[in-house]
Q: 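Before we start, here is the structure in question, set down as structure tokens.
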Amino acid sequence: MKSLVVRLQSYSLTWIILIAVILGAVLSNLSPYFLTTGNVTNLMKQVSIVAILAAGQSIVIISGGIDLSVGSVLALSAITIGWLVQQGVDPALASLCGLAVGTFAGFVNGFIITRGRIAPFIATLGMLGIARGLALVVTEGVSYQVLVPFFLYIGNSSFLGLPVPIFFVIVTFAAIYVMMVSSRFGRHVYAIGGDERVARLQGIPVDRQKTKVYMLSGFLAAVAAIVMVGRLAATPPNVAQGIELQAIAAVIIGGISFAGGRGVVLTALVGAVIMAMITNGLNILGISSFWQQVLIGAVIIAAVWLDNIKSGIRA
Amino acid sequence: MAETGPLVEMRNISKHFGGLQALTDVSVDLYPGEVVGILGHNGAGKSTLIKILAGAQRADSGEIIIAGEHAHIGDPNDARKYGVETIYQELALCGNLSAPANLFMGREPQRFGFLRKKFMRDEAAKALKKLSIKIKSLGAEVESMSGGQRQAISISRAVYFDARILIMDEPTAALGMEETEMVIKLIQELKSNGLGIFWISHDIHDVYAFTDRIAILNGGRNVITCATKDFTQDEIVSMIITGKPLDRSQATGQGNRAQ
Amino acid sequence: MKIMKQIASSVVGLAVVGLMGSAPVFAQDMKMSFIVKDMTNPYYWRMGEGAKKAAAELGIDLTFVSAKVNGDIEGQIAVVETELVKSPDAIVLVPMNGTALIPKVMEANNLGIPVITADTRVDDGPGKVETFVGLDERESFAGMAEWVVEKLGGTGKVAILEGFRGSSTAELRLNGMMDVFNANEGIEVVASIAADWDREKGLKASEDILQAHPDVAAIIGSNDQMALGAVQAVKGAGKLDQVLIVGDDAIPSALSALKAGDLDATIDGNTDRVGYEAVKAAYELVANGTKPDAMITVPSSIMIDKDVTQAYLDGRGIELE
């Protein structure tokens with residue numbers, strides 16, 4: 001027998017998937033290009049980076065925090081990779097170094113938040129500036145070329161008929177889903193997001209788990225950086241500015257509570273897909289990019305509103 | 001009962017926060033099968049004393065002896081190892097989690113790195129059943145439950161993990177009449193099973209009815225520790241307010257246990 | 001059924017286009033996509049006007065698009081991908097980053113869709129570009145720098161507001177100026193600050209420059225937005241008649257400032273001609289198989305206040321307040 005929580009969870013997921021399907025149906029009706037193989041492939045490539053960031057962001061938001069630094073950390077990881085590749089380092093090894101840099105930036109976030117007792121919004125806002133600034137300082141603003149087969153393959157090739165970046169998304173969400181639903185760490189994240197003081201009094205190592213949350217977010221920003229380097233074949237230090245807001249929007253559209261403690265990570269993936277569909281659909285229809293911003297803004301508000309109506313407006 | 005040694009002895013506990021002296025040389029003790037009420041104004045030091053035993057705060061000086069052994073309690077997990085379980089008035093449960101998730105919070109059983117969810121659900125069902133607690137659905141968020149049900153879940157948690165010493169912070173403050181009765185019944189049962197219970201409350205009626213002894217604090221110091229029935233309710237209230245013990249020859253019996 | 005659907009969608013498409021206030025699009029044989037960095041910038045808007053003019057003359061179904069903001073490289077890549085799905089006969093691209101767009105040029109190459117770059121180049125590499133249409137940025141800014149040197153009488157302190165560090169356009173413009181300033185003994189470049197093409201950043205950077213070098217004689221913005229920021233800063237310091245301010249792109253607000261005497265000069269890159277020539281070259285290639293030259297240069301011109309005539313404004317369809 002399915003428990004109520006599981007049923008409620010699947011309910012929120014089906015709900016958001018339904019919205020995505022309706023949006024897809026409307027768009028394919030408006031444009032004959034929308035459902036072509038070529039465009040669906042594009043959609044998968046285009047959603048990948050925001051989706052990976054949204055996976056990390058959803059964990060942070062469930063823990064009751066927020067990570068504004070992911071765009072900058074992505075850039076810092078990307079230029080690390082770009083610089084190393086430029087120096088002739090093996091691309092796979094360079095990627096590992098990029099992952100280490102992202103994870104370390106996340107650790108610094110976590111350390112500042114837990115030891116310095118500084119609100120996540122402020123700590124990660126600081127990191128947003130630090131990581132971006134470092135990326136610019138190190139590169140002196142120059143964009144490295146990364147025209148090596150390893151990254152061209154990641155960004156522009158297909159595997160089993162699907163674009164390679166989507167496999168990064170699938171693996172990320174599969175791992176995060178299992179982690180959040182079936183591991184002690186995931187359970188602790190929900191508890192901390194529900195009531196941090198209770199979690200502490202019940203013996204949960206709150207500080208350690210929160211640090212892990214931000215490390216995970218930094219790590220995933222670096223995973224997104226690998227895909228980004230593949231997509232761009234370059235590492236401009238000003239890349240991915242403001243992308244953190246897209247990741248947060250994806251999480252919110254997915255219906256994960258901003259107050260923390262509630263939500264299913266997979267909905268963030270659907271939220272990211274919905275946003276990518278809007279951008280891609282309007283691009284296809286040739287509608288001005290100005291309207292895309294209006295529409296995405298409206299969808300964010302509508303999503304939260306719907307959520308409130310569904311749950312009878314939680315305090 | 002009088003022959004067995006104390007479960008807990010807290011001796012000469014002092015604690016200050018910055019310039020504020022919260023506790024000065026406070027001592028209390030607790031015997032198996034006994035309910036000791038800790039009384040005092042807001043700011044008398046009750047919560048601080050109890051948090052030190054629960055591992056939520058550390059004492060500056062003094063010692064804690066549990067079942068005859070010196071106990072080093074640095075965090076809540078240490079306290080639990082000594083069989084100390086705490087039920088906080090407002091901070092007992094995460095409202096967003098289910099009863100089994102709350103029951104095992106911080107002590108989730110796992111196998112190969114995965115949570116044993118079915119095991120947790122079954123054990124939670126058993127633990128609740130043992131105390132004759134009924135809740136609608138084990139999967140429901142505890143936020144949707146009544147105060148009594150939530151309190152019952154907290155108590156079943158303590159029982160499940162074999163608590164020997166139970167700290168209850170305002171256990172009935174948020175409850176209605178019927179639910180209070182249910183909780184009191186639970187406590188009587190635990191008491192008869194040999195648990196020692198510290199009961200912190202403002203409600204002098206409850207304290208008078210259900211505690212065996214009382215310890216009154218004022219300004220972070222011991223006022224008196226005595227058998228509850230040595231005094232009348234009015235006398236107890238007056239000691240809480242004045243912070244001065246009433247000198248009375250018949251104040252004997254169990255009250256003498258404290259030094 | 002399929003036809004019905006297509007009719008329905010083209011009706012909706014028309015309605016949408018009508019809603020956006022663009023010119024109606026007729027069913028044409030040739031389809032072309034013109035992808036710029038940022039449609040909000042008057043510089044690219046004007047390029048689009050030139051491109052649309054060529055499209056109308058030649059009977060081309062032209063899509064003029066950009067990402068949301070300049071700097072959103074990933075967004076521009078998505079736009080290119082979307083346009084490629086529509087299988088246009090040719091693509092004109094103004095790349096945000098010389099390297100990042102290479103894979104997309106390669107994708108177009110594989111699909112057999114010819115790519116022409118305009119205004120900004122794609123880096124040399126595996127991507128095949130038919131031709132580049134644009135200014136010689138370096139030469140254009142060298143010309144501007146010479147004008148500044150002449151105005152200053154050969155001596156004075158000069159400050160530069162650069163575009164995004166790492167953008168090839170920014171680099172060319174800077175190098176063009178530095179070639180000239182370095183060659184002139186009397187000119188001292190006291191500051192060169194990246195204000196990221198942005199007006200507010202241009203304002204702040206100029207305020208700092210005026211603080212540090214009260215005797216600065218000229219501030220050169222690598223685009224008009226930054227130059228207009230400099231105008232505000234210099235105005236605030238009450239030094240409008242002591243400091244020479246120049247910009248680039250001849251956007252409408254810069255023309256107003258020229259007319260008002262706040263701004264001293266701007267470069268008219270004739271971007272409408274860039275747009276026009278790019279579309280035309282693509283048309284010639286697709287329709288007649290004419291191979292274009294490796295580069296099609298559109299000359300720029302320096303504009304000062306008296307160049308802002310009614311005839312000029314009418315020609316560009318600009319109304320100044």
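First the proteins, then the strands, lettered A, B, ... as listed; each starts at 1.
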Q: Below 4.5 Å from any heavy atom of chain C, which atoms of T279(A) appear? Answer side chain, backbone, both or neither.
A: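 The side chain, not the backbone.
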Q: Checking side-chain polar atoms at under 3.5 Å, does S192(C) have a donor or acceptor matched by the opposite partner on E162(C)?
A: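 On atom types as modelled, these side chains qualify, holding a pair under 3.5 Å.
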Q: Can you tell me how far apart CE (M96(C)) and CG (D38(C)) are? Round to the nearest 0.5 Å.
A: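 Here the interatomic distance stands at 7.0 Å.
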Q: Check whether N42(A) gets within reach of chain C through its side chain, its backbone, both or neither, counting any heavy atom under 4.5 Å.
A: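 Backbone plus side chain of N42(A), per the 4.5 Å heavy-atom cut-off to chain C.
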Q: For N110(C), does the CG atom have more than 12 heavy-atom neighbours from other residues, nucleotides or ligands under 6.0 Å away?
A: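 Yes - once you tally the heavy atoms of other residues, nucleotides and ligands closer than 6.0 Å, there are more than 12.
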Q: Can a salt bridge be assigned to the pair D89(C) and K31(C) using a cut-off of 4.0 Å between side-chain N and carboxylate O?
A: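 Looking at K31(C) together with D89(C), the answer is no, because their closest N to O distance does not fall below 4.0 Å.
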Q: Is I49(A) in contact with chain C via its backbone, its side chain, both, or neither, using a 4.5 Å heavy-atom distance?
A: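 Side chain of I49(A) only, per the 4.5 Å heavy-atom cut-off to chain C.
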Q: Between D72(C) and chain A, with a heavy-atom cut-off of 4.5 Å, which part of the residue counts as in contact: side chain, backbone, both or neither?
A: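 D72(C) has no heavy atom closer than 4.5 Å to chain A.
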Q: Indicate yes or no: does E200(C) engage K204(C) in a salt bridge with an N to O separation below 4.0 Å.
A: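 Looking at K204(C) together with E200(C), the answer is yes, because their closest N to O distance falls below 4.0 Å.
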Q: Measuring heavy-atom distances to chain A, does F164(C) have an atom under 4.5 Å in its side chain, in its backbone, in both, or in neither?
A: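 Interface part for F164(C): side chain.
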Q: With a 4.5 angstrom heavy-atom cut-off, could you sort out which part of E171(C) is near chain A: side chain, backbone, both or neither?
A: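 Neither part, no heavy atoms under 4.5 Å.
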